[in-house]
Structure formats: structure tokens, C-alpha cells
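Reminder, nothing fancy here: chain letters follow the sequence lines and each chain counts from 1. What's counted below: heavy atoms across the whole structure, side chains too, no hydrogens, waters or symmetry copies. Nothing here was measured: the structure is a model prediction, and the numbers come from that model.
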Amino acid sequence: MTHNEPFVAPQRSALRKAADTNVHPSTPTDSADLPAFNTGNTGDSVLRGKSEKTVAMEVQIPKSLRKRLRTRAGELDISVDELTSRILRDGLN
Amino acid sequence: MPTVAVLSMKGGVGKTTVTLGLASAALARRFRVLVIDLDPQGNSTMGLGVDSPVFTMNDVLADPRPGVAADALTDSSWDRLVQVLAADRALEHRNTVEGAHSSQRLRVALGGLPARYDLVLIDCPPSLGEMTRNALTAATSALIVTEPSYFALHGAEQALEAVDVIRATSNPALRTSTVVVNRARTTVADHRQRIGELREAYGSLVSETMVPERNAIPQAEGAGIPIHAWESPAGKELAGVFDSLLDQIAPALRVRPLGWMR
Ligand SMILES: Nc1ncnc2c1ncn2[C@@H]1O[C@H](COP(=O)(O)OP(=O)(O)OP(=O)(O)O)[C@@H](O)[C@H]1O
Ligand SMILES: [Mg+2]
């Protein structure tokens with residue numbers, strides 16, 4: 001069987017462009033998943049975001065910086081771990 | 001209608017080349033061909049001379065309505081008998097598990113569309129992820145492309161396993177696969193050894209037809225024309241290769257070539 005007639009698509013309700021057509025596939029989505037600074041959100045739910053696993057990491061930082069971290073964490077009423085995660089996340093995004 | 005998923009886990013082994021070669025062979029016999037480009041790189045789309053398509057597979061797979069793919073059909077520049085469901089960069093957004101029946105998205109979107117063509121070819125991205133799962137779920141058979149190298153053969157093994165998984169889960173009707181070796185040079189001892197290994201492991205699944213390495217392939221792809229229209233000795237040789245491969249993967253299309261170029 002051979003065919004020489006052009007194929008004609010039937011009329012049907014129109015397809016629309018996908019909402020993410022112009023979003024570059026490399027656009028990070030994890031930053032949008034997390035609330036920004038000072039949202040009044042407290043507790044580790046923010047740190048872990050979408051039930052992301054946490055790991056321990058040892059780093060050497062100036063003693064004065066650790067003091068500032070502790071003070072700021074106290075002001076925000078969040079843990080030092082959480083504050084550090086937020087700062088690192090913002091810095092890396 | 002035969003719906004063939006062209007896949008490999010490894011990149012750059014020739015999936016798009018084989019897809020376009022088979023489309024060219026079917027067109028030479030005046031069959032109606034649909035090429036579904038499921039690779040966000042959009043190489044099949046480009047090779048078929050399609051530039052800035054209105055709709056792409058990203059739009060199709062973002063819309064859950066059955067049969068919606070018919071709205072995205074685009075004519076190729078080769079011939080009116082060859083149509084495309086094009087890919088664009090944004091298709092990468094769909095390459096993830098979406099909804100409860102994620103691997104059925106393509107099948108649902110196509111609805112009765114494949115029945116309107118004599119051959120449907122699905123060009124997969126170089127991974128066994130969600131797009132390839134969708135291709136295998138919508139396909140009637142799988143064509144695995146490999147090269148005679150250690151890594152490529154390992155990738156072919158993984159692809160064959162993926163076919164088995166899909167057959168056991170979302171598409172029990174998926175037929176036996178064919179493995180085609182691209183860039184084969186039987187004068188090279190290492191190539192002979194690798195092809196021997198492949199035959200030992202997969203026997204008759206490995207096609208006797210192998211695609212030789214020829215400059216005419218990138219040249220015709222770059223020019224956006226079918227290999228059967230590439231006027232050179234290499235073009236003619238490759239046309240014969242893809243004719244044989246088509247005979248093997250779609251025996252129903254084994255008819256006297258009408259010689260549309262003559
Ligand atoms: N037999 C061949 N002879 C010469 N060049 C070839 C041959 N096969 C493929 N090529 C060239 O190698 C490149 C990669 O081939 P192709 O795009 O078909 O691979 P692919 O598996 O589709 O790649 P990807 O995984 O990126 O989708 C292309 O430039 C193509 O023109
Ligand atoms: Mg490709």
C-alpha cells in the first residue's frame with residue numbers, strides 16, 4: 001500500500017503552549033522551594049525543606065564569625081545549623 | 001502500525017542517524033512516516049528541516065488530554081509524507097516522573113495517531129529515563145543502536161534490560177528488540193571482537209545490517225535532506241543499508257521501491 005495524499009489532521013480543541021516553554025531547563029527550582037530570610041518561620045522544617053536529608057560537616061571558621069552566627073541565630077530564633085544552611089544556600093544560588 | 005523506539009543509553013552512538021535513515025528509506029518507498037523527537041536536543045527535528053515549530057512534544061506532554069499530539073503535527077521539509085512531532089529545549093521539563101501514569105503520557109497523547117502512518121519512529125534522548133520509558137511504552141518494538149566499543153556495548157546491554165522491564169510492566173506487547181551496530185569497521189580487529197561479543201550475548205537480536213562510518217551522514221544531516229537523496233557513492237551505499245534495516249524492523253513495508261528520486 002502506498003500513499004501520495006497529504007495527511008490532514010482533524011479539527012480538535014486547540015493545544016496550548018506549555019507554561020514552562022521559556023524557562024531554561026537549568027533554572028534552579030530548589031531556591032523557590034524554600035522560604036526566604038525572616039519569614040517568621042521557625043523550626044527545622046525550613047532547614048530540611050522537602051524532607052531533605054541532613055549531613056554533618058566540619059569546617060574551620062574564625063571564632064568571631066561563630067559568635068556572630070550564634071547571636072544572629074538567637075535573634076531569629078532558629079538553630080545555628082539552620083542559619084548556616086540558609087546562608088550557604090543563598091550564597092550558592 | 002509499526003512504532004519503533006530508537007534508543008541507547010550512551011550518547012552519540014547514532015540514534016538520530018538511524019531514525020533519519022529509516023525515515024528516508026520509508027519515504028523512498030512512498031510510505032507515510034511520523035518521526036517523534038523525544039530528545040530535547042531536537043536533532044531529528046533539525047535533520048528533518050523543521051525550524052521553530054509552533055508546538056513541540058513539551059506542549060504535548062504537558063497536556064493530559066488523550067490524542068492531543070495531533071495538534072502538534074509539523075510537516076518536514078523532506079516531503080509531505082514525512083511529519084514530525086518536534087522537540088525543543090523545554091522538553092527537558094517533561095523528562096521527569098509526572099502523575100500516576102507517567103510512563104503512559106506519550107501513548108495517551110498519541111491516541112489513534114500512529115494508525116494514520118505506515119511507520120512511526122521515536123528518537124529517544126541518550127538515557128533510559130522518563131522519555132525513553134514513555135517511548136518504549138508507546139512502541140511496538142525497540143531498536144537499540146550501539147557502536148563496537150566497550151562502553152557502547154555496555155550501554156546496549158542496559159537498554160535491552162530497560163526493554164525487558166517495560167515489557168514486564170507497562171507494555172507487555174513490546175516485541176523483541178533489534179540491535180544495530182553503527183560505525184562498524186570490520187577491517188578493525190577490535191571492532192570484529194566487539195561485534196563477536198555482542199552476537200555471542202544476544203544472538204539473532206543483533207542485526208546483520210551494520211551502518212558504516214561515512215561522511216555522507218553528517219553532510220546529509222547538516223543539509224537537512226534524506227540520505228536517499230544524497231547523490232554520492234556513499235549516499236547510495238547508506239541508502240541500501242537503511243533499506244535493509246527497514247526490511248528487518250518493518251517487514252510489512254517490504255515493497256518494491258518506487259524510486260521517487262528517479
Ligand atoms: N555511521 C556514521 N558515519 C559518520 N558519522 C556518523 C555516523 N553515525 C553518526 N554519525 C555522526 O555522529 C554524530 C552523532 O550521531 P547521532 O546524532 O546520530 O547520535 P545520537 O545517538 O542520536 O546522539 P545523542 O545521544 O546526542 O542523541 C552526528 O554528528 C552524526 O552525523
Ligand atoms: Mg540523537
Checklist entry - If every non-hydrogen atom of B/Phe55 is compared with every non-hydrogen atom of A/Arg16, which pair is closest and at what distance? => result CE2-C, 3.7 Å

Next on the checklist: Please report the interatomic distance CG(B/Asp59) to OG1(A/Thr21), rounded to the nearest 0.5 Å.
Outcome noted: 5.0 Å

Checklist outcome for this item: For A/Pro25 and B/His93 the tightest heavy-atom approach is CA-CE1, 3.8 Å

Checklist outcome for this item: If one checks every heavy atom of B/Val60 against chain A at 4.5 Å, the contacting part turns out to be both

Checklist entry - When rounded to the nearest 0.5 angstrom, what is the spacing between NZ in A/Lys17 and CG in B/Asn58? => result 7.0 Å

